[in-house]
Amino acid sequence: MAFVNGNYGKLKESYLFANIAEKVAAFQAAHPERKIIRMGIGDVTLPLAPVVVDAMAKAVAEMGKKETFRGYGPEQGYGFLHDAVVKYYTSFGVTLDTKEIFISDGAKSDCGNITDIFSDANVILLPDPVYPVYNDTNVMRGRKILFMKGRPENDFLPVPDDSVKADIIYLCSPNNPTGAAYSKEQLEQWVAYAKKNDAIILYDAAYEAFIDEDDATPRSIFTVAGAEDCAIEMCSFSKTAGFTGTRCGYTVVPLGLKRKAENGREMFLNKMWLRRQTTKFNGVPYIVQRGAEAALSPEGLEQCRANIRYYKENCRIMGEILDALGIRYYGGKRSPYIWMQCPNGMKSWDFFDLLLTKFAIVGTPGSGFGTMGEGYFRLTGFGSREDTVEGMERLKEGFDRV
Ligand code: MLT
């Protein structure tokens, strides 16, 4: 008899953003005349940078010629992209070995897939609120999950509590959804905790490019001494270079990182991840990797940064209107997200329904990111300027009806 994975029965009916997409599609079908302003899922709207498009076009041409055609590539990515990532990390003071970099189809996949190389006996520690993939993928494995509370009093940045014993800690900085980013001192505390407990930090840096270049806030956990002994970092071209539809990311697994299996055998996580990826993954398309390489070139970085400035300006505009309305909010400065308090003590999903039905605006209910997100709401700055302004104007004009 075939048994299914009963842990799936412990999950919410559908994934947060799939659930929202369904509700929005139903609303649009019932009200085809309404123009919906989408400030829900963090999906980019600006086109790929010109230098990325040129690199991809060149790669397409190569694929069309017998002499330059390529079939399967290395599962862990091409050397040219490893070199580009190494150079990128050097710009914020981190030295990597190319063998430590694994190119993938995005941070979401890696955040979920990395669960493969850890025992299900591990206790997981998650910030709350946080990106729901960390919770859901560990629920799927039946693992014990503990939560650390993010609240205004700790700037939504929980720091280690020695009374909590956990084996795997997920950190997302700048945080999705709150936009809060850990300082170097706070990350040092996490590294010290991980070392003391022989734990591993899974560090999601998907939003690091939203930290300004002259800001001392760490863009990588590896800027902290000793992190190479206790951390794995995941990052993505999705938000940095507008690759949400193009799909490319990378995971950094230090060569010296090792832990014991339950039978006592010491194993290197880099080798395990290589084994996992070469077995279950066939790599990212050559064309996409050439585009990602171009995004990390000096010209590509400048073009991508211009897009990020545009999204951050959207956040500034949103913040200005929320200020005028007297609504408390966080984020938007080192992140593309505004994390606002729901007005009049409303619950997150109630505010979602109200915004959708009255104003035809889509956002993301804070409770979808964890119980501490209840009463909060996330708006994204990834929309077009016109939509952002229109959405916020709608809110401003109709706010007395909320
Ligand atoms: C989000 O809206 O939180 C993100 O776009 C989801 C993702 O990156 O998978």
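When a ligand or atom number is given, it counts from 1 through the structure's own listing order.
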Between Y88 and Y250, is the ring centroid distance below 6.0 Å? no

Can the ring centres of F222 and Y89 be said to be less than 6.0 Å apart? no

Any N or O of G42 that comes nearer than 3.5 Å to an N or O of ligand 1? yes

Residue R378 vicinity, atoms of ligand 1 by number, heavy atom under 4.0 Å: 1 (C), 2 (O), 3 (O)

When you measure from the heavy atoms of D43 to every atom of ligand 1, does any distance fall below 4.0 Å? no

I want to know if ligand 1 touches N176 in the polar sense, i.e. an N/O pair below 3.5 angstrom. yes

Between Y78 and F80, how do the two ring planes meet: parallel, tilted or perpendicular, split at 30° and 60°? parallel

Before signing off on this row, confirm whether K239 and ligand 1 have an N or O atom pair separated by under 3.5 Å. yes

Centroid separation Y337 to Y207 less than 6.0 Å: yes

Heavy atom to atom 9 (O) of ligand 1, shortest distance: which of Y15, Y131, F17, Y337 holds it? Y131

Tell me whether the count of non-hydrogen atoms from other residues, nucleotides or ligands lying under 6.0 Å of CD in E13 goes above 12. no

Could you point out which residue of T364, L379, L395 forms a side-chain contact (heavy atoms from CB on, under 4.5 Å) with M39? L379

For I41, the ligand 1 atoms whose distance to one of its heavy atoms is below 4.0 Å: 2 (O), 5 (O)

